Amino acid sequence: MKKAFSIVLEDQDIIELMRILMDEDAEAALDFLKMHFKGKARDLLEGG
């Protein structure tokens, strides 16, 4: 079953995400995911 969720980002978060993508910064990408997706993936798996 496919599930989806959305996040709201401030301008500075979008700029940071673009920097991560341009630099291919794996460590920063992981930190970004942890900061913005914490708990959301678990909630989806638990039926939320």
Side-chain angles (χ1 to χ4, degrees):
M1 171 183 291
K2 291 184 180 183
K3 296 186 179 194
F5 62 93
S6 300
I7 62 168
V8 177
L9 298 174
E10 299 288 334
D11 286 346
Q12 77 180 53
D13 292 328
I14 296 169
I15 292 168
E16 176 66 9
L17 182 56
M18 291 305 301
R19 184 203 63 78
I20 290 167
L21 292 171
M22 288 177 10
D23 292 348
E24 298 184 6
D25 186 345
E27 186 174 332
L30 180 58
D31 290 341
F32 187 90
L33 289 172
K34 285 180 180 179
M35 181 172 56
H36 291 286
F37 294 96
K38 60 184 169 194
K40 293 182 182 191
R42 180 178 295 127
D43 290 346
L44 282 175
L45 288 172
E46 293 175 355

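As the structure is a prediction and not an experimental result, all values here were calculated from the model.
- Residue pairs meeting the salt bridge (charged side-chain N to carboxylate O under 4.0 Å, His left out) criterion with at least one partner in residues 14-24, sequence neighbours excluded, are E16-R19, R19-D23, R19-D25.
- Hydrophobic clustering, with ILVMFWY side chains joined whenever heavy atoms are under 4.5 angstrom apart, keeps L9 apart from I15.
- A continuous path of hydrophobic side-chain contacts links F37 to I14 [ILVMFWY only; heavy atoms under 4.5 Å].
- The side-chain contact (heavy atoms from CB on, under 4.5 Å) check on L21 picks up L17, M18, with sequence neighbours excluded.
- Sequence neighbours left out, not one pair with a member in residues 7-30 passes ring-ring contact (aromatic ring centres under 6.0 Å, His included).
- The two residues I7 and H36 make their nearest non-hydrogen contact at CG2-O, 3.8 Å.
- Heavy-atom minimum distance, F32 versus I20: CB-CD1, 3.9 Å.
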